[in-house]
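See structure below.
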Amino acid sequence: MSYLNSYQKGAIFYQKHKLFYTTYNTYEEATVRQVYQKVLDDENSFAWLYEENGVCRGFCHGDYFQTFWMSGLTCYVSTLITREEDRGKGYGKKLLDFVSKEARERGCKAITLDSGLPRTAAHGFYEHYGFEKSCYGFEMFL
């Protein structure tokens, strides 16, 4: 697991992470780099790459926050992705195991995440891991 928390690693992180989003993310590169740096500098955010044999296999990003809903500290996983050719090889589980360990150590009461409606294979993965469907997610672009 690669820990990322410095400006120098931010550039490396961006280069490796964009491998997963070559067609998805259409924002300007400079803006995306600024967001990455803010995440890396925020003590309540995390961003981890899973590398094996010099190959970036997966990526996970999220935040820790206080919530009335869970009555305490909650870990929110906003991104969990593995390379398509590496799915089913345990990399997503390794990333979630690491998230779970870190969340427990911080005293989180729960881990939450959202998953797009068409991502049924991912839903099965999350349910197999132990997550339960608990709500609908909504968004409104500003």
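For reference, positions follow the sequence shown, starting with 1. Note that the structure is a prediction, hence the values are computed from the model and not measured.
- At a threshold of 4.0 Å, the pair K89-D86 counts as salt-bridged, since one of the basic side-chain nitrogens sits closer than that to a carboxylate oxygen.
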Practice prompt. Start with the C-alpha distance between C56 and Y91, add both sets of side-chain angles, then the distance that settles side-chain contact (heavy atoms from CB on, under 4.5 Å), and finish with yes or no.
Written response: CA-CA 10 Å; C56 186; Y91 299 116; over 6 Å; no
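- Salt bridge status for K93 with D97: present, with a side-chain N to carboxylate O gap under 4.0 Å.
- Considering only heavy atoms from C-beta on, E51 stays 4.5 Å or farther from V55 through its side chain.
- Between Y64 and F46, the angle of the ring planes lies from 30° to 60°, which puts this pair in the tilted group.
- A 4.5 Å side-chain heavy-atom check between H61 and V39 finds at least one atom pair inside the cut-off.
- In this structure, D42 and N44 approach most closely via the heavy-atom pair OD1-N, 2.8 Å.
- Separating the OG atom in S78 from the CG atom in D114 is a distance of 9.0 Å, to the nearest 0.5 Å.
- Closest non-hydrogen pair, C60 versus V77, comes out as SG-CG1, 4.0 Å.
- Atom CG of L113 sits about 7.5 Å away from atom CG of L80, to the nearest 0.5 Å.
- Between G92 and F125, the shortest heavy-atom distance links the atoms C-CZ, 3.6 Å.
- R83 places a side-chain heavy atom less than 4.5 Å from the side chain of R57.
- Using the six-membered ring where Trp is involved, Y76 and F65 have ring planes that are perpendicular, over 60° apart on the 30 and 60° scheme.
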Donor-acceptor pairs are to be reported for all side-chain atoms of residues 104-112 against protein atoms at under 3.5 Å, with residues two or more places apart or in another chain.
from	atom 1	to	atom 2	distance (Å)
E105	OE2	K101	NZ	3.2
R106	NH2	E43	O	2.7
K109	NZ	S71	O	3.2

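- For R87 (side chain) and T82 (main-chain N/O), a donor-acceptor pair under 3.5 Å exists by modelled atom type.
- Between the side chain of H123 and the main chain of G116, a donor-acceptor pair closer than 3.5 Å is present.
- The aromatic rings of F98 and W48 lie perpendicular to each other, with more than 60° between the two planes, well past the 30° mark.
- Rounded to the nearest 0.5 angstrom, L49 CG and F59 CZ are separated by 6.5 Å.
- Under the 4.5 Å side-chain heavy-atom criterion for ILVMFWY residues, no single connected hydrophobic cluster contains both Y126 and M70.
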